[in-house]
Structure formats: C-alpha cells, structure tokens
Q: 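Below you will find the structure I want to go over with you.
One-based numbering along the sequence shown. Both ligands and their constituent atoms are indexed starting at 1 by order of listing.
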Amino acid sequence: MGISILGLGSYVPEQKLTNNDFTRFVDTNDEWIRTRTGIIERRMAGWEPTWYMGTQAALKAVEQAGISPEDIGLVISCTATSDFHTPSMASVIQHKTGAVNAAAFDINAACSGFVYALDIAERFLRTDDSLKYVLVAANESLSRFLDFEDRSSCILFGDGAAAAVVERSDKLYASHLASDGSGAGYLCARALKAAPEVKQDSDFVDEFPDMPLHKLYQNGKEVYKFATHALPKSFELAAAKCGITKDEIDWFIPHQANIRIIETAAKKLGAPMEKFIVTLDHYGNTSSVSIPLTLNEAAADGRIVRGQKLALIGFGAGLTYGGIILEF
Ligand code: UT7
C-alpha cells in the first residue's frame with residue numbers, strides 16, 4: 001500500500017529579509033551567505049503566528065484536493081516551533097480548517113518532520129479502513145527562536161507553512177526513518193525556563209552546550225558533516241525497500257538547508273544536480289516546511305507531474321533523518 005497526494009498548499013509570511021538586511025545586526029555580507037549557503041532571501045513571520053500560517057497552507061491543500069474538511073479523519077502537524085507547548089498546532093489547525101471529524105496531534109522530528117509525518121499518515125491509512133483522508137501540515141516560525149547575535153546560524157533560517165492532503169493508494173511507496181540521538185546537542189533550543197538544573201557531576205551536562213534560553217544553538221560543522229552523510233543514506237535505505245535505483249527517480253526533493261550540502265550529497269549519490277529541486281535561495285531553511293514547500297512550488301510550476309517518482313529526503317535536529325520514495 002501507499003498514498004496519493006491529492007492536494008498541496010503553502011503560505012509564506014509577507015516580510016522578506018535579504019542577506020544585506022542581516023548586516024544591520026551581525027558582521028556578515030551577501031557574498032559570504034550566498035557562497036557558503038546558497039541563500040539569497042528568506043521570509044520572516046511578523047504578525048502571523050505559526051498556527052495561522054499552517055491554517056492558510058492547509059486550507060489551500062484541502063481546496064486543491066477537492067474534498068470537504070469534514071472528510072478529513074486525521075490532522076498531523078509537524079513543527080519544532082509551535083506557538084504553544086499545548087494545545088498542539090494540529091488541534092488549532094483542525095478547528096480553523098473545519099476538520100471537525102478529525103483526530104489531531106503534533107510530531108516534532110525537526111527538519112525531518114514532514115517525512116516522519118507523511119510516513120505516519122501512510123501507516124494510519126494502511127491500518128484503519130475507516131480513515132479516508134489525512135491532512136499533514138508543516139508549520140514553522142524559526143525566526144522566533146533564532147539568536148540574532150549568532151551570525152553563523154541566524155542567516156540560515158526562514159518561516160512558513162506547507163500542507164498536503166493524502167489518501168491511500170496502490171502507488172509506489174517506500175520509507176525509512178532514523179535518528180542518531182548522540183548528536184542531539186549539535187542543534188538545539190531549550191524549551192522551559194522551569195527545567196530543573198542538571199547537577200554538575202551528571203553525565204548529562206556535557207551533552208548540551210550553554211545556550212541563551214530559548215535560542216537556537218547550532219554546531220554548524222557537525223551538522224554539515226551529518227547532513228552530507230544522512231542525505232544519501234536516507235535515499236539508499238528507502239530505495240532498498242522497494243528495489244528502485246537512483247536513475248529511476250525523476251526528482252529528489254531534499255530538505256533545504258544549504259546548497260553545498262545538496263551538491264555534496266548529489267555527488268555521493270552519483271545523481272545529477274538537475275534532478276534536485278532547490279528553493280532555499282528564496283526561502284532559506286524552513287525546517288519541516290522545506291520539503292512540502294518545495295514540492296508544492298515544483299508541482300505548481302509544472303516541473304513535477306503525475307506519475308513521476310519522487311524521493312523526499314529529510315535530515316535535521318535530533319539528529320533525525322529519513323526518506324520516502326513515492327509516485328506523485
Ligand atoms: O536543518 C539543518 C540545519 N543546519 C544546517 O544546515 C547547518 C549545516 N552547516 C552549515 O551549513 C555550515 O557549517 C555553515 C553555513 C553554518 C557555516 O559554513 P562553514 O563553511 O562551515 O563556515 P565556518 O563555520 O567554517 O566559518 C568560516 C568563517 C569563520 O570565521 P573565521 O573563524 O575563519 O575567522 C566564521 O566565523 O566564516 C565565519 N562566519 C561568517 N562570516 C560572515 C560564520 N558565519 C558567518 C556569516 N558571515 N554569516
């Protein structure tokens with residue numbers, strides 16, 4: 001069994017931040033950001049809460065799917081930057097989209113979130129015949145957690161939302177999800193001020209670096225090493241499950257973190273860069289949103305068409321990674 005993506009939608013905030021805009025807060029320049037990351041501009045949420053962006057994207061996906069919101073049986077939202085610890089973004093989006101008959105929950109697998117959530121949707125559809133449609137909604141406001149004094153991380157990220165409505169189908173589908181929690185300290189942000197102090201003699205202390213409360217900390221070099229390894233590995237593990245080769249894939253849609261990560265991974269895989277869809281130049285790294293945002297853009301402009309074989313590949317904090325191979 002597999003899934004069919006019936007509808008896609010996205011929403012990005014109105015506010016754009018160019019590379020030059022960052023020179024107002026940190027010692028950086030357009031040339032460094034372009035050549036080291038491939039990013040030219042990104043969107044930053046202003047007045048829009050995460051749930052609002054998620055709802056707008058979800059409404060568009062539902063409309064494109066041509067279904068009624070009441071027919072949705074499950075809303076899965078993926079986010080690492082929820083507006084609330086509770087309720088979930090999924091419950092809010094369920095209400096705002098009118099998906100009154102749906103169950104709803106969030107998952108946090110950071111930048112791999114959409115791959116994880118879509119795979120959970122497939123597993124729900126496979127095991128519950130009464131479920132017809134699942135709404136998978138990715139929503140992120142990274143800008144609210146960025147440390148705008150850290151030039152090596154704040155320039156990388158952007159905000160937005162993207163969603164997909166899926167149903168069960170017999171089309172090609174294979175997935176592999178994975179995590180290496182030993183790298184958890186390489187990309188993290190503290191959640192609660194009330195978290196108890198860890199005793200200094202605890203083993204745990206070394207695992208997580210000192211970081212300003214609630215601000216994103218990243219060890220760029222370690223994450224870079226992990227990502228260039230995880231991207232080809234995720235594809236290979238999913239491909240092995242359905243016996244497909246890289247040459248049979250029409251489009252690779254990787255998490256949009258850094259153009260150099262994608263180029264290095266493409267070389268390792270032995271697949272041409274022309275098959276990798278890139279949107280990070282205009283959106284930056286939008287975490288779990290980047291894959292459905294890219295998918296939606298390329299389907300809307302006619303690059304991705306029905307019947308093509310896609311490889312969706314996520315990697316990010318956790319350190320999580322995973323791949324899905326499916327027919328569009
Ligand atoms: O979803 C996953 C999210 N995370 C990622 O994708 C991050 C993966 N890592 C990366 O993409 C790269 O490691 C970075 C883009 C973060 C950094 O690129 P790099 O080529 O690894 O640079 P670096 O850390 O080796 O730094 C080189 C120099 C340093 O200066 P010195 O020590 O050589 O004087 C940095 O301080 O570049 C400096 N630098 C900057 N200069 C201008 C770091 N950030 C900036 C900046 N503008 N924004």
Side-chain angles (χ1 to χ4, degrees), residues 17-42 78-81 108-117 138-143 145-160 162 178-181 183-189 209 211 215-234 253-266 268 276 278-281 283-294 312-323:
L17 225 56
T18 65
N19 291 344
N20 274 330
D21 290 331
F22 282 87
T23 60
R24 288 189 276 134
F25 350 108
V26 283
D27 180 12
T28 190
N29 57 76
D30 178 53
E31 158 76 12
W32 192 96
I33 301 172
R34 273 180 201 245
T35 53
R36 299 289 180 121
T37 71
I39 299 165
I40 297 170
E41 61 183 31
R42 71 290 284 146
C78 46
T79 183
T81 55
N108 177 354
C111 305
S112 311
F114 185 75
V115 168
Y116 268 64
N139 343 275
E140 302 282 5
S141 299
L142 276 304
S143 64
F145 296 85
L146 290 178
D147 179 354
F148 283 100
E149 293 180 358
D150 175 10
R151 66 178 180 172
S152 67
S153 64
C154 70
I155 49 100
L156 297 173
F157 297 95
D159 300 336
S179 174
D180 174 7
Y186 294 146
L187 186 47
C188 44
M211 60 186 117
K215 298 283 185 253
L216 188 97
Y217 164 87
Q218 172 173 260
N219 180 330
K221 283 213 182 315
E222 289 297 338
V223 177
Y224 190 92
K225 266 195 273 172
F226 154 74
T228 51
H229 175 70
L231 202 163
K233 187 173 169 189
S234 296
I253 302 158
H255 168 50
Q256 308 282 310
N258 182 323
I259 192 67
R260 291 187 298 139
I261 292 175
I262 299 176
E263 285 168 351
T264 306
K268 278 191 188 168
F276 286 74
V278 174
T279 56
L280 61 85
D281 53 331
Y283 294 133
N285 178 345
T286 54
S287 191
S288 71
V289 172
S290 85
I291 291 175
L293 188 60
T294 303
L312 315 182
I313 305 171
F315 51 86
L319 299 165
T320 56
Y321 54 105

Q: Which of the numbered atoms in ligand 1 are below 4.0 angstrom from a heavy atom of A257?
A: 6 (O)
Q: Check whether any protein heavy atom sits under 4.0 Å from atom 6 (O) of ligand 1.
A: yes
Q: Within ligand 1, which atoms have a heavy atom of I155 less than 4.0 Å away?
A: 48 (N)
Q: Heavy atoms only, cut-off 4.0 Å: how does Y224 contact ligand 1, side chain, backbone, both, or neither?
A: both
Q: Considering only protein heavy atoms, determine whether one is less than 4.0 Å from atom 16 (C) of ligand 1.
A: yes
Q: Between S288 and G113, is there a donor-acceptor pair closer than 3.5 Å when you use the side chain of the first and the backbone of the second?
A: no
Q: One pair to check against side-chain contact (heavy atoms from CB on, under 4.5 Å): Q256 and N285. What are the steps and the verdict?
A: CA-CA 5 Å; Q256 308 282 310; N285 178 345; 5.9 Å; no
Q: Could any protein non-hydrogen atom be found less than 4.0 Å from atom 25 (O) of ligand 1?
A: yes
Q: Going by the order shown, which atoms of ligand 1 are within less than 4.0 Å of some heavy atom of R36?
A: 19 (P), 20 (O), 22 (O), 27 (C)
Q: Going by heavy-atom distance to atom 23 (P) of ligand 1, choose the closest among Q218, R260, K221.
A: K221
Q: Under 3.5 Å, is there a donor-acceptor pair between the side chain of S112 and the main chain of V115?
A: no
Q: At a 4.0 Å threshold, what atoms of ligand 1 neighbour a non-hydrogen atom of G220?
A: 8 (C), 9 (N), 13 (O)
Q: Check this for me - ligand 1, N29, N or O atoms closer than 3.5 angstrom, yes or no?
A: no
Q: Are there protein heavy-atom neighbours of atom 34 (O) of ligand 1 below 4.0 Å?
A: no
Q: Could you tell me whether W32 and ligand 1 have an N or O pair separated by under 3.5 Å?
A: yes
Q: Would you mind listing which atoms of ligand 1 come within a distance below 4.0 Å of any non-hydrogen atom of C111?
A: 1 (O)
Q: Please evaluate residues S143 and D159 with respect to the criterion side chain to side chain donor-acceptor pair (under 3.5 Å), reporting the C-alpha separation (whole Å), side-chain torsions for both, the decisive distance (0.1 Å), and the verdict.
A: CA-CA 7 Å; S143 64; D159 300 336; 2.6 Å; yes
Q: For ligand 1, which part of T28 has a heavy atom less than 4.0 Å away: the side chain, the backbone, both, or neither?
A: both
Q: Would you call I261 a ligand 1 contact, heavy-atom distance under 4.0 Å?
A: yes
Q: Would you say E222 has more than 12 foreign heavy atoms packed within less than 6.0 Å of its CD?
A: yes
Q: What atoms in ligand 1 come closer than 4.0 Å to a heavy atom of N258?
A: 10 (C), 11 (O), 15 (C)
Q: Hey, is atom 31 (P) of ligand 1 touched by any protein heavy atom at less than 4.0 Å?
A: no
